[in-house]
Amino acid sequence: MGREGANRVPVVTLTATDLRDRIAAGALSAEEVANAFLTQIEAREPAIGAWAFLDGDDMIAQARRLDADRRAGRPLGALHGLPVAVKDVIDVARMPTGNGTPIDDARIASEDATCIARLRAAGAIIAGKTVTAELAFMHPGKTRNPVNGGHTPGGSSSGSAAAVASRMAPLAIGTQTGGSVIRPASFCGCVGYKPTFGRISRAGVLRQSQTLDTIGVFASSVADAALLGDALFGHDPRDPAMRPGPGPRLLETARARPPVTPTLALLRMPGWEEAVHPDMAAALDELADHLGDRCFEVTLPPLYDDAVRIRERINLAEMARNFDRYARHREALSPRMIAALDEGGSITARDYLVALDWPEILHAGLKEILSRCDAILTAAAPGPAPEGLESTGNSIFNGLWTMTGMPAVTVPLFESQDGLPMGAQLVGPREGDARLLRTAGWLVRTLSPKGEAR
């Protein structure tokens with residue numbers, strides 16, 4: 001902690017890219033970084049409850065091994081010395097994977113999920129496991145919103161979002177099947193990035209819905225999200241949704257200035273009038289006015305009004321099949337989970353197969369909109385985090401992008417009248433992740449010239 005005092009910049013307030021550069025230059029050691037975040041965890045965790053499993057001694061041991069590698073002159077990975085928090089539905093060898101249910105309380109993973117193996121190869125420190133909603137669905141865990149503990153942090157990646165927003169970790173990974181990356185990032189006040197479907201391997205991750213499940217990341221800046229995404233992208237034959245292809249060079253592109261000023265399409269999603277909070281509506285209108293002729297408004301035809309129901313049908317039908325093992329222990333499940341599994345089990349094969357036809361139909365119309373702009377701009381959530389801890393909030397503005405496999409990123413641009421964070425959500429074309437992140441970085445700089453300098 002001595003060099004932190006000399007630099008007069010608390011380690012935990014630095015971005016992940018800054019930390020990486022300082023470690024590589026020898027200005028900080030991985031052990032110093034790990035100790036700084038453990039001190040922050042000690043201070044913030046009792047009030048927030050973001051962690052499901054944490055072993056500080058193991059964090060320090062990992063850091064010391066990485067420092068020894070650097071002293072020996074071995075090549076440094078892109079995430080060398082950076083702690084990464086992991087949602088507790090993702091297997092980490094020799095750590096528990098509780099999946100947010102007492103049914104898996106005693107489960108210890110025997111090997112790393114593919115995404116964890118990629119993190120280790122990049123030199124990351126696996127910081128521990130973060131709280132998830134029950135089986136990554138809707139029944140909340142113990143985590144509280146780091147800005148106001150009386151409000152939900154969102155779900156189901158609540159612990160990962162809260163850990164990054166409270167500076168208990170510089171980076172974290174989670175999963176999204178409906179809105180479980182974008183929504184908690186918006187509620188907690190950090191960057192959340194859900195990539196194009198099939199770009200990050202789900203091997204070794206709890207399977208809820210093979211058609212929808214997507215690994216996503218949390219960070220304090222767009223550049224940091226790109227840094228983590230670069231390390232995680234890559235083909236894995238163990239995940240049948242993946243296809244071989246080159247890496248997208250997310251960080252390099254995200255840091256670049258757009259060759260021309262981006263244009264955004266403002267979209268008020270289906271269900272807007274009933275769901276949106278006045279503070280979010282006003283904030284988006286103000287942003288659109290600020291952007292002027294760089295933003296135009298679009299509307300979706302009535303065809304999209306059923307998107308929420310269609311995504312839910314796919315989700316519940318696949319969850320009922322994939323969670324058969326858990327359904328045999330109904331006494332250990334929440335009423336909400338039991339009801340969801342029962343509903344999923346009642347969906348006919350015909351209705352499920354018809355629902356599977358819709359993502360490509362809906363994607364076609366969205367693709368046409370994106371041919372006229374750089375990204376779609378909409379709300380990341382209906383408004384600020386709702387008061388109370390019984391609900392994880394509404395994913396009504398997220399599920400369409402998950403179902404159509406399109407990349408989405410939320411940036412914490414807004415604040416409610418009560419001082420709670422709210423996110424602006426940008427959505428790009430499939431495989432357009434790098435350009436989307438570049439546009440998000442541009443938007444942050446447009447509103448705060450120093451906000452994405454790195």
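Just so it is clear, the structure is predicted and the values come from calculations on it, not from any experiment.
A distance of 8.0 Å separates CZ in Phe137 from CG in Leu341, rounded to the nearest 0.5 Å. Here the straight-line distance linking atom CG of Leu54 with atom CD1 of Ile41 works out to 5.0 Å at 0.5 Å rounding. Expressed to the nearest 0.5 Å, how far OG1 of Thr378 lies from CG of Leu284 amounts to 6.5 Å. To the nearest 0.5 Å, atoms NE2 (His235) and OG1 (Thr114) are separated by 10.5 Å. In this structure, CG on Leu413 lies 10.0 Å from OG on Ser186, to the nearest 0.5 angstrom. With rounding to the nearest 0.5 angstrom, the CG atom of Leu316 is 5.0 Å from the CD1 atom of Ile347.
Each of Asp104, Asp105, Thr132 was scored for a side chain to side chain donor-acceptor pair (under 3.5 Å) with Asn99, with one residue passing: Asp104. Of the residues listed (Thr410, Thr152, Thr392), the one engaging Arg183 in a side chain to side chain donor-acceptor pair (under 3.5 Å) is Thr392, and it is the only one.
Gln176 contributes a side-chain N or O that, together with a main-chain N or O of Val181, makes up a donor-acceptor pair within less than 3.5 Å. Under the 3.5 Å distance criterion, the side-chain polar atoms of Arg144 are matched with a main-chain donor or acceptor of Gly149. In terms of modelled atom types and a separation under 3.5 Å, the side chain of Thr404 and the main chain of Pro359 share no donor-acceptor contact. Here the side chain of Arg44 pairs no donor or acceptor atom with the backbone of Thr39 at under 3.5 angstrom. Asp55 contributes a side-chain N or O that, together with a main-chain N or O of Asp57, makes up a donor-acceptor pair within less than 3.5 Å. Remark: side-chain polar atoms of His151 are paired, donor with acceptor, to backbone N or O of Ala385 under 3.5 angstrom. Of the possible donor and acceptor atoms, one in the side chain of Asn398 sits under 3.5 Å from a partner among the backbone N and O of Ala380. With hydrogens and angles disregarded, a donor-acceptor distance shorter than 3.5 Å links the side chain of Ser180 to the backbone of Ser156. No donor-acceptor pair closer than 3.5 Å links the side chain of Ser209 to the backbone N or O of Asp213. Remark: side-chain polar atoms of Lys129 are not paired, donor with acceptor, to backbone N or O of Met95 under 3.5 angstrom.
For the residue pair Glu318 / Thr211, a side-chain donor-acceptor distance below 3.5 Å is found, with atom types taken as modelled. For the residue pair Asn315 / Gln208, a side-chain donor-acceptor distance below 3.5 Å is found, with atom types taken as modelled. For Asp91 and Thr97, the side-chain atoms include at least one donor-acceptor pair closer than 3.5 Å. Using a 3.5 Å distance cut-off with no hydrogens or angles, the side chains of Thr15 and Arg20 do not pair a donor with an acceptor. With no hydrogens or angles considered, a side-chain donor-acceptor pair links Glu134 and Ser334 at under 3.5 Å. Using modelled atom types, one finds no donor on one side chain facing an acceptor on the other under 3.5 Å when comparing Arg311 with Thr402. Side-chain atoms of Lys87 and Ser157 include a donor-acceptor pair closer than 3.5 Å.
Looking at Glu431 and Arg243, a side-chain N of the basic residue comes within less than 4.0 Å of a carboxylate O on the acidic one, giving a salt bridge. Checked for salt-bridge contact, Glu111 and Arg120 miss the test: no charged N lies under 4.0 Å from a carboxylate O. Ion pairing of Asp342 with Arg330 is present here, as a side-chain N (NZ or NE/NH1/NH2) and a carboxylate O approach within less than 4.0 Å.
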* CA sep, side-chain torsions, deciding dist, call: Trp51, Val131, side-chain contact (heavy atoms from CB on, under 4.5 Å) -> CA-CA 5 Å; Trp51 298 89; Val131 171; 5.8 Å; no

* Asked: For Asp351 and Arg313, what are the C-alpha separation, side-chain angles and deciding distance, and is it a side-chain contact (heavy atoms from CB on, under 4.5 Å)?
  -> CA-CA 8 Å; Asp351 286 345; Arg313 179 168 292 171; 3.9 Å; yes

* Report the C-alpha distance between Val427 and Leu436 in whole Å, list the side-chain angles of each, state the deciding distance to 0.1 Å, and finish with yes or no for side-chain contact (heavy atoms from CB on, under 4.5 Å). => CA-CA 7 Å; Val427 181; Leu436 174 65; 5.7 Å; no

* Evaluation steps, salt bridge (Lys or Arg N to Asp or Glu O under 4.0 Å), between Arg64 and Asp67 -> CA-CA 5 Å; Arg64 288 174 176 169; Asp67 285 336; over 6 Å; no

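Thr253 is not listed as a side-chain neighbour of Leu437, based on a closest heavy-atom distance of 4.5 Å or more. Residues Leu333 and Ile103 have side chains in contact (heavy-atom distance under 4.5 Å, counting atoms from C-beta outward). Within the 4.5 Å cutoff, the side chain of Met403 has heavy atoms near those of the Ile310 side chain. Looking only at side-chain heavy atoms (C-beta outward), Phe414 and Pro421 stay at 4.5 Å or farther from each other. Side-chain contact check for Asp224 versus Leu228: every heavy-atom pair is 4.5 Å or farther apart. In this structure, the side chains of Ile182 and Trp401 stay at 4.5 Å or more apart for every pair of heavy atoms. Here the side chains of Tyr304 and Ile361 are not in contact, with every heavy-atom distance at 4.5 Å or above. Counting heavy atoms from C-beta outward, Val164 and Leu171 have side chains that stay 4.5 Å or more apart.
Summarising the local packing, CD of Glu42 is surrounded by 12 or fewer heavy atoms from other residues, nucleotides or ligands at distances under 6.0 Å. Counting heavy atoms of neighbouring residues, nucleotides and ligands inside a 6.0 Å radius, atom CZ of Arg249 does not exceed 12 of them. Sparse packing is recorded around CD of Gln417, with 12 or fewer heavy atoms of other residues, nucleotides or ligands lying under 6.0 Å away. Counting non-hydrogen atoms of other residues, nucleotides and ligands closer than 6.0 Å to CZ of Arg94 gives a total of 12 or fewer.
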